[in-house]
Each structure stands twice: as structure tokens, then as C-alpha cells.
Amino acid sequence: MPIPSVNVYDGTGGLIGFTNKNGVVRFLDNGVKKQKLPLAVTVQHISYETKSISLASLDDKQMYSLAPRPLVLNEVAVNTKPKEVVVLKGYFRSLETFNHQHKYFADGIVEFFIPLKKGKTKYRMVDYRVFIDSTVVKDYNAKMGPFFQIPRFTEIDGRKLTDHLNDLVMEEDSSNRIRLLKKGYEVGYLTIDAGRSDIQLYLDKVLPDTVVNEKLFSIEAKTFHDVTIENYSGAELKTITPFNLTSIYQNIVASLKRKSEYGHIPCEIINELYIVESGYITSEEYKSNQKNLLSSIYSTPKKSNYKKRFWETLEEYHISPINDGLARHLGESLKLIN
């Protein structure tokens, strides 16, 4: 079946394109067609194994397949305590580009606390690294100002999956996919794989053939693509809760404008979260932890803080490593902030 939101990276780790909902690659307007052929690219998707491809042409129709990523979760201890708050521990990573250059990269271990009845989802940073390119940051601040912040976590909805989709119309088709419609337009779908016992949600918040225009103070934003992919264990749609979450991916392709002389400048944000451990705690245990928790996804760390080299254990969970091109920038143009 078509695979949406496959990221395509060139040899330098630059994001040069992604697949649309039909699995067709859409190249970003950053001179990709001027690159020399054959073009070595790496394709990555949160649900599939990473693949390296050599493209002899950018015009001819070419078909590629990806192998599903095995799901590895730590065992969950079952006890008689009330299941009042879901605790998800996972590996996250976040990449932000500005004018087709890497501006910010962070990754680490994070814990999410999700009350099942009342209360907002909160999180705690455990170990994390932060890298920035000071030259790109300086350019960004000069053109956009230092106050416009990008969310570097994907939000986790505390409701059942069916409840946070209740503003969409669901239509079953002849395959194992349920189409999701908004205002008569298809904006995504649910894929139910009974064989693997999992469910995938694909949702694009930007309606087909439209652009979302927003203004915040002096910043104008045009969003062309705002995709979320959520993966869950289990094949019974009505029973899916945050406890079943296994991974989330978010990709935003936009342009920003603050001063007319600079015009609209492209930017991209990619956030990924891979769950490695799931469990429950009581409301009392949650309350005793609250003072150490963060509630805003904009409250992202300004510097690194880690005790364990968590990035060396990703293969244990079949999490794709950072692509080689981007990895070469870490410690070079992207400096670790301590």
C-alpha cells in the first residue's frame, strides 16, 4: 500500500522531499533537481526500516518498497493498583531547518504522564542532547526575532483514539483503510493491520490544495503541509487509548515572514517519538511527581543534560539511527550545547 510521509534526505543530511498521502515523492524547492546524478538518498519513516537508494533519474516513475519496523517494548509489570495515569517512556528527536539549513537538533529520553480522566498531559526530560548551528540561529533571529518558538515535541492526546477523531467523518473502503474526511475532503486515514495487530493514523491538518495562513504579532506563517502519524498496538479501534501508543511523527513544511525585504523564508520541523516502555501509576503518585513535570511543548531545553549515552542503544528497539548526512553535522556545524 502507499506509504505517506517518507522523508527523503540527500548525502548531507538535508531534507529534500517527502511522500504525499499516495506515496509519491514530492521534492522541496531547494535546488534538488540541480544535483548531480546518480543521487544517493536515504529514506526514513517512523514505521519502516531505513533504506538507501541511488536515483539515476528524478523524472521517471520508480517504485520502491520498505520493510516494516519491528516493535520492541519493555515488559510491563501488571499489578492491582488503579490504572489512572498512563506513563510512556520514549526516545524523541527533533530537527528544525531554516532556509534549507539545519538550525536545531535535539534528541533524548522523555517520560509522558497522561491522566485518563482529568488533567493535562505533562512530561519530564530524563536525558537529552541539544545541537545548534549558531550561524543559522543568528540569521533566524535577525530575520524572525528571538521570540517565535517552535514546538519540539508532538502533543499526546489523552483521550481514546476514536474520541479525538470525532470531528472527522469516517468512511470504510474496500481495503483495510478507513478514510478520514473533513468538510468533504479526505485529510487522512486509519490503516488497520490485523495480522500485525496494529493501527496507524495518518492525518494532514492542511486541506488538499490549500495553504494555512496565520499571523502572530509581526510573524506571518504559511503552512503547506502539517502531517501527523500515530502508531498503536492493537487492532480493535474502539479500545485504543494512549497506553497503546507506540510512536508519533510530525512534519511541518512552512514559510515564515517578518520583514518585507526578506519575504517568506522556508522552514521545516520534524518531530519523532518512539515509545520503549509503557505503564500505569495512580493519581496520588502522579500528584507527588507534578512539581517536577513540564506542561508546555514549547518549554524545550536550551542545553544538553545526560548521564547515559542513550543514542548508542537505539538498535535494541529497532529505531533507525540518525541519518548519516545529519550525523556528520553533529559536532561540526551543529555544535553540542552544554
Side-chain angles (χ1 to χ4, degrees), residues 4-5 7-10 12-21 24-35 58 93-106 130-155 182-183 185 187-188 203-228 249-272 296-303 325-326 329 332-335 337:
S5 291
N7 290 334
V8 183
Y9 299 94
D10 63 13
T12 68
L15 178 67
I16 59 173
F18 51 86
T19 57
N20 63 17
K21 68 178 182 179
V24 178
V25 173
R26 201 171 110 194
F27 288 111
L28 297 172
D29 186 21
N30 54 355
V32 64
K33 294 195 175 183
K34 296 179 182 178
Q35 297 199 42
L58 298 179
R93 58 184 168 216
S94 175
L95 175 66
E96 180 187 348
T97 71
F98 181 68
N99 207 13
H100 303 303
Q101 299 178 82
H102 297 130
K103 171 179 176 266
Y104 175 100
F105 176 81
V130 176
F131 297 83
I132 65 169
D133 186 320
S134 57
T135 301
V136 180
V137 169
K138 184 178 179 180
D139 183 46
Y140 177 90
N141 289 342
K143 294 175 179 176
M144 297 296 137
F147 306 110
F148 187 71
Q149 295 298 314
I150 301 295
R152 295 186 176 115
F153 280 126
T154 57
E155 289 189 274
K182 185 174 183 178
K183 298 179 180 179
Y185 294 97
V187 294
L203 187 64
D204 191 345
K205 296 178 182 178
V206 180
L207 294 177
D209 302 318
T210 66
V211 174
V212 176
N213 294 288
E214 298 174 285
K215 188 167 184 178
L216 180 64
F217 302 112
S218 59
I219 301 286
E220 292 180 16
K222 290 181 180 289
T223 304
F224 309 100
H225 179 81
D226 186 353
V227 159
T228 297
Y249 163 91
Q250 179 187 39
N251 180 15
I252 300 173
V253 178
S255 67
L256 300 174
K257 175 186 173 184
R258 178 168 171 256
K259 296 182 179 180
S260 58
E261 64 258 40
Y262 301 129
H264 274 267
I265 301 174
C267 67
E268 295 91 36
I269 300 100
I270 297 174
N271 293 320
E272 296 172 277
S296 172
I297 58 174
Y298 296 91
S299 303
T300 47
K302 298 288 191 290
K303 59 182 181 180
L326 175 58
H329 288 280
E332 298 296 331
S333 58
L334 285 163
K335 300 290 186 183
I337 307 301

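Sequential numbering from 1 along the given sequence is applied to the chain's residues. Just the heavy atoms: all of them, side chains too, but no hydrogens, waters or symmetry mates, feed the values below.
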Decide yes or no on side-chain contact (heavy atoms from CB on, under 4.5 Å) for Ile265 and Leu256, but give the supporting numbers first. CA-CA 5 Å; Ile265 301 174; Leu256 300 174; 5.6 Å; no
By the side-chain hydrogen bond (donor to acceptor under 3.5 Å, both in side chains) test, which pairs, at least two apart or in different chains, include something from residues 205-221? Asn213-Lys222
Would you check if the side chain of His102 reaches a backbone N or O of Leu95 as a donor-acceptor pair within less than 3.5 Å? no
Working to the nearest 0.5 angstrom, can you tell me the gap between Met144 CE and Ile219 CD1? 5.5 Å
Considering only heavy atoms from C-beta outward, does the side chain of Asn20 approach that of Pro4 to under 4.5 Å? no
Whether Asp10 side chain and Gly13 backbone form a donor-acceptor pair below 3.5 Å: yes
Rounded to the nearest 0.5 Å, what's the gap from CZ on Phe224 to CZ on Arg26? Could you check? 9.0 Å
In Å and rounded to the nearest 0.5 Å, what is the CG to OG1 distance from Asn7 to Thr19? 8.0 Å
Given side chains that start at C-beta, do those of Cys267 and Glu96 come closer than 4.5 Å, heavy atoms only? no
Enter the distance from Leu334:CG to Leu326:CG here, rounded to the nearest 0.5 Å. 6.5 Å
Walk me through it: do Val206 and Val211 pass the test side-chain contact (heavy atoms from CB on, under 4.5 Å)? CA-CA 7 Å; Val206 180; Val211 174; 5.8 Å; no
Any residue meeting salt bridge (Lys or Arg N to Asp or Glu O under 4.0 Å) with Asp139, in chain and number order, not counting sequence neighbours: Lys143
Give, for atom CG of Asp226 and atom CD1 of Ile269, the distance between the pair rounded to the nearest 0.5 Å. 9.0 Å
Tell me every residue that passes salt bridge (Lys or Arg N to Asp or Glu O under 4.0 Å) with Arg258, counting only those two or more places apart in sequence or in another chain. none
The complete set of side-chain hydrogen bond (donor to acceptor under 3.5 Å, both in side chains) pairs with one or both residues in residues 259-269, sequence neighbours excluded, reads Thr97-Glu268, Ser255-His264
From Ile270 atom CD1 to Asn251 atom CG, the distance as rounded to the nearest 0.5 Å: 5.0 Å
Applying side-chain contact (heavy atoms from CB on, under 4.5 Å), run through Gln101 and Thr135 and close with a yes or a no. CA-CA 10 Å; Gln101 299 178 82; Thr135 301; over 6 Å; no
Min side-chain heavy-atom separation Tyr249-Thr154 under 4.5 Å: no
Identify, with sequence neighbours excluded, every residue that meets ring pair (Phe, Tyr, Trp, His ring centres under 6.0 Å) alongside Phe131. none
Heavy-atom count around Lys182 NZ within 6.0 Å, excluding the residue itself: above 12? no
Tell me every residue that passes ring pair (Phe, Tyr, Trp, His ring centres under 6.0 Å) with Phe18, counting only those two or more places apart in sequence or in another chain. His225
